[in-house]
Number of protein chains: 2
Amino acid sequence: MPAQTIGHVAKASGTPIETIRFYEREGLLPEAPRTMSGYRLYDESTVKRLRFIARAKALGFTLAEIRDLLALQDNPASNKTGRAEVKAITERKLDDIEHKIADLQRMQKVLSHLAHECSGKGGVAHCPIIETLSGIEDCTHPEHR
Amino acid sequence: MPAQTIGHVAKASGTPIETIRFYEREGLLPEAPRTMSGYRLYDESTVKRLRFIARAKALGFTLAEIRDLLALQDNPASNKTGRAEVKAITERKLDDIEHKIADLQRMQKVLSHLAHECSGKGGVAHCPIIETLSGIEDCTHPEHR
DNA sequence: ATAAACCCTAAAGTCAACTACAGAGTCAAG
DNA sequence: CTTGACTCTGTAGTTGACTTTAGGGTTTAT
């Protein structure tokens, strides 16, 4: 196993050096072995682990969730029931994401409606966007619901 | 105009007292007039303003954007061209939201695929979720793209 | 008259996920 | 043997939208 310094791992994984040290502090990476002079030494598995973290982040997992996923992966005891937990974490995240999408779609609906209603010309006085945010019931076009 | 203390406004608007003071510091609310002893005094318009803020927040506007919207509403000079700016802010926000939705839908797609692939039974060893996050090319079902 | 309930300020803390110092030691090349 | 690139630790700063704390005045009800 050829040992690499933190800078090499940073380049190979695309993760900044500071972030690698941060992940170690946060328990996403094990404490690295050191040279006599205190430099951290890594092997290829660390690069893979950092790529795992990057992919999981891209899917919306938080660092806390990723830490749990990695712990399951690391723990030999999780070779009995681990998959259920992994699936549970994934499904919770899926649920989160579906809620967020639903929220955003509600916002989108209202905003695109407002953007269409507003001519963009003239003063703010009877701007339908401002009026809606102000909670005015009787807009100039009260036919909507 | 019956003047109310901050506590009444908090109750009437559903905004915590501390948050009202925070909004004043941040320029979303004008500085309130005070009693001789330094208590802030508000009238109904503040309650309306706080409701405006709450609605705008619910639609995903940041406090900075809300401040801009309120400034346009307040500024008599904006009664010439203000509506264009209001519409621009709204459309930028709509754009943001559409991007966020697209991102989340990409995550959702991958995660729901993973959740279906994984039985949830057994150890973490060949869990398809873990394997995908680990970047393994040849899954047991490599037919997907 | 005193206690409960309310208000004030300024400053610090919270969360997430980094990012950026400052100050010092180490290693490879010329 | 010195310069420059690299690494170390520990601490502090960033963003957004608050929340909390400490320490003190004020008002209202009994």
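The sequence lines fix the lettering, A, B, ..., with proteins before strands; numbering per chain opens at 1.
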Taking salt bridge (Lys or Arg N to Asp or Glu O under 4.0 Å) as the definition, give me every residue that meets it alongside Asp74(A), ordered by chain and number, with sequence neighbours left out.
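Arg49(A).
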
Residues forming a salt bridge (Lys or Arg N to Asp or Glu O under 4.0 Å) with Arg106(B), sequence neighbours excluded:
Asp103(B)

Would you check if Asp43(B) and Gln4(B) make a side-chain contact, meaning some heavy-atom pair closer than 4.5 Å?
no

Can you list every side-chain hydrogen bond (donor to acceptor under 3.5 Å, both in side chains) pair that touches residues 5-15 of chain B, not counting sequence neighbours?
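As it turns out, the side-chain hydrogen bond (donor to acceptor under 3.5 Å, both in side chains) pairs with a partner in residues 5-15 of chain B, which skip direct neighbours, are Ser13(B)-Thr15(B).
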
Among residues 23-36 of chain B, which ones have heavy-atom contacts with DNA chain D below 4.0 Å?
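Heavy-atom contacts with DNA chain D come from Tyr23(B), Arg25(B).
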
Counterpart residues, side chain to side chain contact (heavy atoms under 4.5 Å, CB included), relative to [X] (two or more places apart):
X: Ser119(B); result: Arg83(A), Lys121(B)
X: Ala88(A); result: Arg92(A)
X: Tyr39(A); result: Thr35(A), Ser37(A)
X: Asp68(B); result: Ile89(B)

Identify each donor-acceptor pair in which a side-chain atom of residues 93-102 of chain A lies under 3.5 Å from a protein atom, sequence neighbours left out, and give them as a table.
residue	atom	partner	partner atom	Å
Lys93(A)	NZ	Gly60(A)	O	3.2
Lys93(A)	NZ	Glu65(A)	OE1	3.2
Lys93(A)	NZ	Glu65(A)	OE2	3.4
Lys93(A)	NZ	Asp96(A)	OD2	3.3
Glu98(A)	OE2	Gln108(B)	NE2	3.3
His99(A)	ND1	Asp95(A)	O	3.1

For Ile17(B) and for Thr62(A), find the nucleotide of DNA chain C with the closest heavy atom, then tell me which residue's nucleotide is more 5'.
Ile17(B)

Using distance only, find each side-chain donor-acceptor pair of residues 18-29 of chain B under 3.5 Å and give its atom names and separation, not counting sequence neighbours.
residue	atom	partner	partner atom	Å
Glu18(B)	OE2	Arg21(B)	NH2	2.5
Glu24(B)	OE1	Arg40(B)	NE	3.0

Along DNA chain D, first and last positions that approach a heavy atom of chain A under 4.0 Å
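The contact span of chain A on DNA chain D goes from dC6(D) to dT9(D).
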
Starting at the 5' end of DNA chain D and moving along, which residue's nearest nucleotide shows up first, Phe61(B) or Tyr39(B)?
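Going by which nucleotide is closer to the 5' end, it is Phe61(B).
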
Min and max contacting nt of DNA chain C in 5' to 3' order, chain B heavy atoms within under 4.0 angstrom, are dC6(C) to dT9(C)

May I ask you to say what Arg40(B) touches in the nucleic acid, namely base, sugar-phosphate or nothing, with a heavy-atom cut-off under 4.0 Å?
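Arg40(B): backbone/sugar contact only, no base atoms under 4.0 Å.
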
